[in-house]
Amino acid sequence: MALYDNKYIFINDLGKGGFGKVFLAKEKVSNRFVAIKQLLNKNKSEQENIIHEIETISKFENPNIVTYYHHFWEDTTLFLVMEYCSGGNLRDKIDNGNYSTLEALEWIQTLTSCLRIIHRKGIIHHDIKPDNIVFTQNGTIKIADFGIANKDIGTRAYMSPEAFNWEVKSTNDPRIDIYALGVTLMELLTKKNPFFGLSREKIIEKHQSADFPIQDPPNWQQEIILKAINKTPELRFQFMIEFEEALKAKAVPIIFNKENLKAAELIELANKALKTNKWRNALKFLELAYKKYGNNVTVLQALGKYYLRIQKIDLAKSFYEKAVKLNPRLDVQKELGWINLEAKKYPIAIGLLSDHLHRNPADYEAYNLLIRCYYETDRYETAMELSKMLMEANPTLPCFSNNYFIAFVLNSNGKSIPPKSESELKNNPFIEYNFSVINENEKSHSYKKSPTLKSKLLFMDFQFNTLKPNTITILDTNNKVVTPNSFNNPIIKFGREEYEQNDIQVSGSNAVSRRHCVIINSKDNVWLYDLESTGTVVNDEIINNKVPLIGYNTLKIRDIFFNLTTDKTKLL
């Protein structure tokens with residue numbers, strides 16, 4: 001080992017770890033002692049990243065970070081020349097026990113202050129532990145190994161449960177350093193680390209049982225430890241300054257945020273309106289909440305939910321993305337799965353929905369979305385299998401019966417229907433409608449070319465498990481075919497004149513599809529579905545799939561218009 005053209009004299013080894021080894025050397029010119037780290041990593045790109053991070057941190061000139069002097073290579077091996085801290089590390093002190101509780105608390109408070117500054121610069125240490133916390137000869141505590149922490153596996157006994165997955169959103173989260181420092185605090189105060197030698201699964205079990213050796217320290221210290229190492233990131237200290245202030249105050253503060261409370265009250269009002277599909281009321285509360293509390297995660301999540309429910313997919317996606325940016329660990333896999341389903345990105349949707357259902361196995365709406373993914377991708381047998389299982393698990397939800405029915409029909413190329421389906425006709429308007437499509441005298445579809453049988457069938461969304469009686473009124477129309485002006489059918493069918501299966505026959509010859517569109521007519525939950533027609537426009541917007549009808553609407557089929565209202569008591 002040439003040690004940079006003999007500029008350094010090797011003294012002795014100081015230790016080794018996952019990064020490589022470190023030894024004590026003496027710089028010939030200055031006669032100062034230095035610690036030289038020899039890295040195992042020989043990937044040139046990763047070496048450059050390490051150097052960049054260390055040089056960035058060195059510019060902060062923080063007295064509690066080990067000073068970086070410079071670096072050099074010998075062949076492909078990278079060496080880092082660092083400040084030598086002769087006072088040993090925190091592991092030595094824990095093993096010897098030669099410190100007081102007051103000293104331990106002061107050390108951790110100093111480290112929280114240091115890490116607070118580093119985190120603000122967007123830098124995470126990734127491997128906070130007693131071995132990487134050192135002391136100078138005069139007792140100054142310092143953090144070592146920035147930039148060279150083992151970012152692939154960390155140190156298991158100090159790794160937060162969510163970091164075990166080692167996803168990008170975990171590795172870039174400062175709360176993994178908060179957790180590791182919390183474990184270090186527990187070890188300092190109790191001389192024990194309950195996670196040593198445990199597998200990842202056993203560490204998670206330990207968290208589930210909250211079996212930690214912290215009974216001896218005062219209650220306020222126990223509370224701080226438990227807050228810092230909470231298995232759920234959102235229930236930990238969110239920032240190092242919160243950890244630091246708790247140590248100063250000798251208490252975990254009760255966080256009362258008036259803005260969050262006011263935002264929550266508006267969201268609660270919006271959610272009540274959404275439960276009864278009072279879309280306008282819900283939007284009123286949500287817009288007010290967004291105007292006042294635009295960076296509140298709960299508000300953004302609620303807006304995403306609202307726009308997803310009314311099929312404004314791009315808007316829904318934008319609000320969920322903003323929410324996830326503020327809280328990377330927000331559980332919105334179901335909603336993102338739904339968004340990808342509407343965007344026809346089926347493999348992504350299936351993956352997200354499957355992951356969500358693994359954690360939330362009783363979410364029947366998510367199951368129905370998954371069935372729709374299989375249905376849309378022509379995986380009819382899989383859709384049938386899942387629908388049948390859910391029909392048996394919860395026979396009170398008619399959507400699974402309908403969706404089993406249409407998957408069965410399409411799997412047989414329209415040649416047969418499931419047993420007992422005819423007995424369900426009167427109880428399920430969707431099955432009744434789909435049965436009528438299959439048994440048309442004059443077909444509105446083809447089995448081989450467009451429009452297909454599938455394009456005329458109705459998949460039953462979860463929201464229609466309960467259909468409430470409602471009357472739709474046509475206020476004005478230029479349709480030449482005489483029709484009544486009020487309809488209370490649960491499914492109202494529009495199509496070409498002279499086709500008796502339609503409730504509203506539309507003049508216009510071949511410019512109108514035989515089965516053009518339908519309205520799902522349920523009180524406060526009215527939707528129009530286009531059936532891959534020659535063209536359907538609602539309120540000047542071309543409809544390619546489905547859209548909610550709220551209050552007064554103009555429906556246009558080619559040159560024929562219908563001004564209609566879903567609630568005659570509210571004409572505007």
Side-chain angles (χ1 to χ4, degrees), residues 310-311 342 372 375-376 402 406 409-410 414 429-461 464 467 470-522 525-550 552-566:
I310 65 168
Q311 288 290 291
E342 300 297 350
R372 188 175 146 211
Y375 176 80
E376 298 285 6
N402 176 79
I406 57 176
V409 168
L410 291 171
F430 278 79
I431 292 180
E432 181 180 12
Y433 166 84
N434 288 320
F435 189 82
S436 74
V437 173
I438 298 163
N439 290 285
E440 290 172 340
N441 292 324
E442 294 186 75
K443 300 297 183 185
S444 62
H445 57 271
S446 169
Y447 294 115
K448 294 183 179 179
K449 60 182 181 179
S450 183
T452 62
L453 170 62
K454 185 175 185 178
S455 72
K456 303 304 178 184
L457 296 175
L458 286 180
F459 185 93
M460 188 172 179
D461 290 333
F464 297 127
L467 291 171
N470 187 59
T471 299
I472 287 181
T473 304
I474 297 176
L475 303 170
D476 188 22
T477 178
N478 64 345
N479 188 24
K480 295 177 183 178
V481 181
V482 178
T483 60
N485 68 346
S486 293
F487 299 85
N488 53 20
N489 323 31
I491 298 178
I492 304 168
K493 303 177 285 291
F494 290 73
R496 190 186 306 170
E497 59 185 317
E498 298 178 1
Y499 284 84
E500 294 182 356
Q501 70 259 29
N502 297 308
D503 300 299
I504 300 178
Q505 297 181 37
V506 184
S507 56
S509 188
N510 291 344
V512 180
S513 300
R514 295 182 181 186
R515 281 187 185 265
H516 197 95
C517 62
V518 298
I519 291 178
I520 313 301
N521 184 24
S522 179
N525 197 24
V526 179
W527 286 73
L528 181 138
Y529 282 56
D530 179 72
L531 302 176
E532 292 191 15
S533 69
T534 54
T536 304
V537 177
V538 174
N539 302 328
D540 298 323
E541 181 181 347
I542 298 174
I543 306 305
N544 295 315
N545 186 4
K546 58 190 175 185
V547 64
L549 301 180
I550 305 169
Y552 178 85
N553 300 268
T554 297
L555 163 63
K556 193 174 181 180
I557 299 173
R558 291 300 181 175
D559 296 326
I560 305 301
F561 72 85
F562 300 87
N563 292 327
L564 55 85
T565 179
T566 60

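Every heavy atom of this structure was used, including side-chain atoms; hydrogens, water molecules and symmetry mates were not.
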State, with a plain yes or no, whether a side-chain heavy atom of Ile560 is found less than 4.5 Å away from one of Ser507. yes

For the backbone of Asn470 and the side chain of Asn521, can you confirm whether one donor and one acceptor N or O come within less than 3.5 Å of each other? yes

Indicate every side-chain donor-acceptor pair of residues 537-544 with a distance under 3.5 Å to a residue at least two apart or in another chain.
from   : atom 1 : to     : atom 2 : distance (Å)
Asn539 : OD1    : Thr554 : N      : 2.8
Asn539 : ND2    : Asn553 : OD1    : 3.0

Show, in sequence, the C-alpha distance, side-chain angles and deciding distance for Glu342 and Arg372, and conclude whether the side-chain contact (heavy atoms from CB on, under 4.5 Å) test is met. CA-CA 10 Å; Glu342 300 297 350; Arg372 188 175 146 211; 2.9 Å; yes

Would a 4.5 Å heavy-atom cut-off, applied to side chains only, mark Ile520 and Ile491 as touching? yes

Beyond-backbone contact of Val506 with His516, side-chain heavy atoms, under 4.5 angstrom: no

Is it the case that more than 12 heavy atoms not belonging to Asp559 sit under 6.0 Å from its CG atom? no

Spacing of CG belonging to Leu549 relative to CD1 belonging to Ile310, to within rounding of 0.5 Å: 12.0 Å

For the side chain of Gln505 and the backbone of Glu498, is there at least one donor-acceptor N/O pair under 3.5 Å apart? yes

Does the side chain of Leu531 reach to within under 4.5 Å of the side chain of Leu458, using non-hydrogen atoms? yes

Look up atom NZ in Lys546 and atom CH2 in Trp527, then write down how far apart they are to the nearest 0.5 Å. 6.0 Å

Nearest atoms (heavy-atom pairs only) where Phe561 meets Thr477: O-OG1, 2.8 Å

Side-chain contact, heavy-atom cut-off 4.5 Å: Leu528 with Leu555? yes

Mind checking whether Arg496 and Asn510 have side chains closer than 4.5 Å, heavy atoms only? yes

Evaluate the side-chain proximity of Phe464 to Asn402: yes if any heavy-atom separation is below 4.5 Å, no if none is. no

From CG (Leu453) to CD1 (Ile406), nearest 0.5 Å: 9.5 Å

Closest approach of Glu497 and Gly508, non-hydrogen atoms and distance? OE2-N, 3.5 Å

In Å and rounded to the nearest 0.5 Å, what is the CG to CG distance from Asn434 to Leu457? 5.0 Å

Calculate, to the nearest 0.5 Å, the distance between atoms CD1 and OG1 belonging to Ile557 and Thr534 respectively. 8.0 Å

Measure the spacing between CD1 of Ile519 and CD1 of Ile504 and express it to the nearest 0.5 Å. 6.5 Å

Return the minimal non-hydrogen interatomic distance between Gly495 and Asn502, and the atom names on each side. CA-ND2, 3.3 Å

Checking side-chain contact (heavy atoms from CB on, under 4.5 Å) against Ser513, which of Lys456, Glu532, Arg558 comes through? Lys456

Taking CG in Asn441 as the centre, count heavy atoms belonging to other residues, nucleotides or ligands within less than 6.0 Å. Is the count above 12? no

Checking Asp461, Asn545, Thr536 against Tyr529 for side-chain hydrogen bond (donor to acceptor under 3.5 Å, both in side chains), the one that qualifies is Asp461

Close side-chain approach of His445 to Thr452, heavy-atom, < 4.5 Å: no

Under the salt bridge (charged side-chain N to carboxylate O under 4.0 Å, His left out) test, residues paired with Glu440 that sit two or more places apart: Arg515

Indicate the ring-plane relationship of Tyr375 and Phe459, choosing parallel, tilted or perpendicular according to the 30° and 60° boundaries. tilted

